[in-house]
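Beneath this line is the structure, given in structure tokens, with notes to follow.
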Amino acid sequence: MAMVSIPANTSAILLDIEGTTTPITFVKDILFPYIKDHLEEHLSAHWEEDECKQDVHLLKKQVEEDLRLNRACAQHVLDQSVHTDEEKAIREVVDNVLWQMASDRKTPALKQLQGHMWRAAYAAGRIKGEVYQDVVPSIRRWRRQGLKVYIYSSGSVEAQKLLFGYSVEGDLLDLFDGHFDTNIGAKVESKSYERIAERIGCPPEEIMFLTDVTREAKAAEDAGVNVVVVVRPGNMELTEEEKLHYNLITTFSQLEVIDSA
């Protein structure tokens, strides 16, 4: 694939994580299975601690919301009463969390619990965040050229910081000027990119967004942001129309800054 130019007026690069900086398989084959394999053990070990109690409380509030909207299946309802049987109470939380994950839900309650479990796993060295080999040298190059670099991912800001803070290449957090998650808005809504531009303090046309998901690319484009679609192994196949419409790269090293001089 050919080189793609970063326009001279660009002041910020906005990066997606999954499929862009990090293999999709890392999330699918390492992060999510870790939760499934260690959930019961985590709850049993921390059940009486304040943080765990807050996580369970949020999950119960989510169930109430689901029941109001008729979304939850009966067998995944958490009993609202206080249990004397701790094992049964933990089992119900496990069932609910596994159901949410199987349904690919991204509720704040689920993300908070996952974030706390991943934090412990990263800190203990059980997990290291994966990044493609071209990512770190390219970001360092962009920063030397005066560009700011931000992350925008559907994973929580805490989860993002854990991935880059405990990466296979060490602590990479100093490479980024800021982090955004879906608290700023969904990644497929153009308003989210307008809000990010406001927060960064530059017009949308001075931002370049790198993502592997064309629905996100379209939303960013609709907001006036420049877009490059990243084609990595395991990423979703692009249609012929998408291949013609978007600038495509297979590695960050294909992006070059145009000298404005």
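The analysis underlying the following values was restricted to heavy atoms, covering all of them including side chains, and did not include hydrogens, waters or symmetry mates.
Under the 4.5 Å side-chain criterion, counting only non-hydrogen atoms from C-beta, D16 is in contact with E216. Between M101 and F32 there is a side-chain heavy-atom pair separated by less than 4.5 Å. Within the 4.5 Å cutoff, the side chain of V227 has no heavy atoms near those of the N247 side chain. Contact check for W142 versus V149: side-chain heavy atoms found under the 4.5 Å cut-off. Within the 4.5 Å cutoff, no side-chain heavy atoms of D181 are placed close to those of S153. Between V93 and K60 there is no side-chain heavy-atom pair separated by less than 4.5 Å. A 4.5 Å side-chain heavy-atom check between L248 and L238 finds at least one atom pair inside the cut-off. Counting heavy atoms from C-beta on, the side chains of D29 and F26 never come closer than 4.5 Å.
Put simply, L15 and I184 are part of two different groups of oily side chains (I, L, V, M, F, W, Y) that touch within less than 4.5 Å, one to the next. Linking Ile, Leu, Val, Met, Phe, Trp and Tyr residues whenever their side-chain heavy atoms come within less than 4.5 Å leaves V157 and F164 in two separate clusters. Hydrophobic clustering (ILVMFWY, side-chain heavy atoms < 4.5 Å, transitive): V213 and I24 are in distinct clusters. Note: the hydrophobic cluster containing W47 also contains L98 (ILVMFWY, side chain heavy atoms under 4.5 Å, direct or indirect links). By the criterion of side-chain heavy atoms lying less than 4.5 angstrom apart, applied directly or through intervening Ile, Leu, Val, Met, Phe, Trp or Tyr residues, V188 is not grouped with I17; the two fall into different hydrophobic clusters.
Between the side chain of D212 and the main chain of M236, no donor-acceptor pair closer than 3.5 Å is present. Using modelled atom types, no side-chain atom of S167 and backbone atom of L163 make a donor-acceptor pair closer than 3.5 Å. Using modelled atom types, no side-chain atom of T22 and backbone atom of E18 make a donor-acceptor pair closer than 3.5 Å. Between the side chain of Q254 and the backbone N or O of T250, at least one donor-acceptor pair lies under 3.5 Å. Listed for the K111 side chain is a donor-acceptor partner under 3.5 Å among the backbone atoms of S154. Side-chain N or O atoms of S192 include one that pairs as donor or acceptor with a backbone N or O of A186 at under 3.5 Å. Although no hydrogens or angles enter the test, the distance criterion places a donor-acceptor pair under 3.5 Å between the side chain of T107 and the main chain of L110. Side chain of W118 to backbone of L162: no donor-acceptor contact under 3.5 angstrom is found.
Electrostatic pairing of E130 and R232 does not count as a salt bridge here, judged by no charged N lying under 4.0 Å from a carboxylate O. The pair E221-K218 does not count as a salt bridge, with every side-chain nitrogen at least 4.0 angstrom from each carboxylate oxygen. A salt bridge is absent between R195 and E198: the closest approach of a Lys/Arg side-chain nitrogen to an acidic carboxylate oxygen does not fall below 4.0 angstrom. A salt bridge is defined here as a Lys NZ or Arg NE, NH1 or NH2 lying under 4.0 Å from an Asp or Glu carboxylate O, and D66 with R68 fails to meet this definition. Comment: K53 engages E48 in a salt bridge, judged by a side-chain N to carboxylate O separation of less than 4.0 angstrom.
At most 12 heavy atoms of other shown residues, nucleotides or ligands fall within 6.0 angstrom of atom CG in D50. Counted within 6.0 Å of CZ on R215, heavy atoms from surrounding residues, nucleotides or ligands total 12 or fewer; the atom is thus considered open. When the shell of 6.0 Å around CD of E241 is examined, it contains 12 or fewer heavy atoms from other residues, nucleotides or ligands. In E169, the CD atom is crowded: over 12 heavy atoms of neighbouring residues, nucleotides or ligands sit closer than 6.0 Å.
In this structure, CD1 in I35 is found 5.0 Å from CD in Q114, a value given to the nearest 0.5 Å. Rounding to the nearest 0.5 Å gives a distance of 9.5 Å between CG of N9 and CE of M208. With values rounded to the nearest 0.5 angstrom, L172 atom CG is found 9.5 Å from T21 atom OG1. The OG atom of S253 lies 7.0 Å from the CE atom of M3; values are rounded to the nearest 0.5 Å. Between the CD atom of E194 and the CG atom of D222 there is a distance of 9.5 Å, given to the nearest 0.5 Å. Considering CG of L43 and CD of E49, their distance stands at 11.0 Å, rounded to 0.5 Å.
Residues Y152 and Y193 bring their aromatic ring centres within 6.0 Å.
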> Run the side-chain contact (heavy atoms from CB on, under 4.5 Å) check on S138 and L255 step by step: do they pass?
Replying inline: CA-CA 8 Å; S138 296; L255 276 181; over 6 Å; no
>> If you apply the rule side-chain contact (heavy atoms from CB on, under 4.5 Å), what do you find for I139 with V135, and how did you get there?
In response: CA-CA 6 Å; I139 293 176; V135 170; 3.6 Å; yes
> After noting the C-alpha distance and the side-chain angles of R143 and R140, does the key distance pass the side-chain contact (heavy atoms from CB on, under 4.5 Å) rule?
Replying inline: CA-CA 5 Å; R143 291 180 67 88; R140 292 209 163 110; 5.9 Å; no
> Checking side-chain contact (heavy atoms from CB on, under 4.5 Å) for the pair I196/F209: CA distance, chi angles, key distance, verdict?
Replying inline: CA-CA 11 Å; I196 287 172; F209 178 47; over 6 Å; no
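A pairwise comparison of heavy atoms in L59 and N96 identifies CD2-OD1, 4.1 Å as the closest pair. Counting all heavy atoms, side chain and backbone alike, Q145 lies closest to V257 at OE1-CG2, 3.2 Å. Between I207 and V225, the closest heavy-atom pair is O-CG1, 3.5 Å. Summarising the geometry of P33 relative to K28, their closest heavy-atom pair is CD-O, 3.2 Å, with the distance given to 0.1 Å. In this structure, Q112 and L58 approach most closely via the heavy-atom pair OE1-CD1, 3.4 Å. Here the closest heavy-atom approach between residue L31 and residue Y122 is recorded as CD2-OH, 3.7 Å.
Using cut-offs of 30° and 60° on the angle between ring planes, the pair H38 and Y34 is parallel.
With sequence neighbours excluded, the residues satisfying side-chain contact (heavy atoms from CB on, under 4.5 Å) with Y150 are A12, L14, K148, D177, F180, I200.
Side-chain atoms of E206 and T10 include no donor-acceptor pair closer than 3.5 Å. Between the side chains of H57 and Q54, no donor N or O sits under 3.5 Å from an acceptor N or O.
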